[in-house]
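In listed order, ligands and their atoms are each counted from 1.
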Amino acid sequence: MQHTAPLSATPAAYLAKHSPDAPVLFIAPSVLQATARRFQADFDGLVTYAVKANDRPEVLSNLVAAGITTFDVASPAEMAAVRAVCPQAVLHYNNPVRSAAEVRAGIAAGVYSWSIDDMSELAKLRDVPRDNEVAVRFALPVKGAAYDFGSKFGAAPEQAAALLRAVAEMGFTPSMCFHPGTQCNDPQAWVQYVHAAADILRAAGVLIKRMNIGGGFAVDRGFDAPDHRAVFAAVKAALAESFGTDAPSLLCEPGRAMVADAAVLATRIKGMRNAGRTVFLNDGIYGGLPDLRDMG
Ligand SMILES: Cc1ncc(COP(=O)(O)O)c(C=O)c1O
C-alpha cells in the first residue's frame, strides 16, 4: 500500500487519473470526525479509540481533532504513534499479555491503565506506579460476534474475582473490562457481561469506579445494519439493574467501528477465472483485507 499527501479528489477521480497498480486506502477526515463525535454524543461515558484498527497519523490526528484523547494501545509502537500526534494523550494498555520489555515501555510512555487476565500478567506489573488503574478482563461464552476473542483473552468469572482481589491488595485502582468479540450486533452480549461483572465484583468484595465495555461494535458490512445506540441503551439499563446507585462510570474502546465508514480500499482485479466466479485481487488477507476470512 502506498501513502500519499492529502487528496482533494474523490477516490473515483484519483483512480481515473492515476490508475494505480498498488491498492490504495482512502480516508475521509470529515467522516472520521463525524463518527467520533457521534460516539461521544451517544455514549454515556468516556469514548476511547483502539489504535490497532488503524494507527496512521492522519487517523489519530483527526480523532484528536474530534475530541478523542484516550487511546487503547496494544504495543510500544502504538504508544509512539499516539504520542507523536497527541503528547498529552491518556494511554490504556489493554493487550493483556506483555513481555517484560513491553511493560517497561508502557511505564516509560506513561500508560495509565492496564488490563490483565491472569496472575502471571499481574506479577509482571510489579514496577507499575500504584496510582495506575488495572482492569481485570473476563470472558463469557456469549454469542453475537463475527469473531469471538473470548477463546484468546479473558479470565473465567471465578478467576476474575481472585484477580480483582489481588489487584486491590497490590494497591492499584481496580477496574473491569471485557470485549464481546468483534462485529457484535446483539446488545444482549453486553447485557450478559454487565450482569456478570456485578456478580464477580460481589464475589470479590471489591468496588470499582469505572468499567470498560470494550470495542466490538459492528460496522456496516452490507447486512445486519449496526445499531450502537441500542447497545448503549441496553448497557445503561443493565448497569442500573445490576449495580443500582453504585454503578461505575463507563468507557468504551471501539476500533473498527470508529474507522470503517471513513475508509475505502481500492483494489485492482488482476485476473478472473471460472467465468468470473474466482477473482484475483492485488490485495488480500495479508494486506488490507485481514478480516475478510474470519468475518466476511
Ligand atoms: C482490548 C481491545 N479493545 C478494543 C478492540 C477493538 O475491537 P473492535 O475493532 O471490534 O471494536 C480490540 C480488538 O482487537 C481489543 O483487543
Residue portion contacting ligand 1 (non-hydrogen atoms closer than 4.0 Å) for K152 = neither
Interfacing atoms of ligand 1 (cut-off 4.0 Å, heavy-atom, D72) = 1 (C), 2 (C), 3 (N), 4 (C)
Non-hydrogen atoms of K143 and C184 that approach each other most closely | O-SG, 4.4 Å
Examine distances only and state if a side-chain atom of R98 and a backbone atom of N95 form a donor-acceptor pair shorter than 3.5 Å.
-> yes
Regarding R130 and the six-membered ring of F172, is the cationic atom NZ or CZ under 6.0 Å from the ring centre and inside 45° of its axis?
-> yes
Under 3.5 Å between some N or O of ligand 1 and some N or O of G255?
-> yes
Within 4.0 Å of some non-hydrogen atom of R137, the atoms of ligand 1 are 1 (C)
Validation row, ring centre F232 to ring centre F217 under 6.0 Å = yes
List the closest protein heavy-atom neighbour of atom 15 (C) of ligand 1: residue, atom name, distance to the nearest 0.1 Å.
-> K52 NZ, 3.2 Å
Looking at atom 5 (C) of ligand 1, what's its closest protein heavy atom, distance included?
-> H179 NE2, 3.4 Å
Part of N95 within contact of ligand 1 (heavy atoms, under 4.0 Å) | neither
Does any N or O in the side chain of K124 come within less than 3.5 Å of the main-chain N or O of V103, such that one atom is a donor and the other an acceptor?
-> no
Per-atom contacts, ligand 1 versus T182 - under 4.0 Å to a heavy atom | 8 (P), 9 (O), 10 (O)
What atoms of ligand 1 come closer than 4.0 angstrom to any heavy atom of A50?
-> 4 (C), 5 (C), 6 (C)
When you measure from the centre of the six-membered ring of F178, is the NZ or CZ of R137 under 6.0 Å away and within 45° of the axis?
-> no
Aromatic ring centroids of Y49 and F39 under 6.0 Å?
-> no
With the threshold set at 4.0 Å, does a side-chain nitrogen-carboxylate oxygen contact exist between R210 and E133?
-> yes
Numbered atoms and elements of ligand 1 in range of R256, under 4.0 angstrom, heavy atoms = 7 (O), 8 (P), 9 (O), 10 (O), 11 (O)
Within-shell test, G216 vs ligand 1, heavy atom, strictly < 4.0 Å | yes
State whether the shortest distance between N or O atoms of E253 and N or O atoms of ligand 1 falls below 3.5 angstrom.
-> yes
Structural part of M258 in contact with ligand 1, heavy atom criterion under 4.0 angstrom = neither
Can you see which heavy atom on V219 is nearest to which on A257, and at what distance?
-> CG1-CA, 3.3 Å
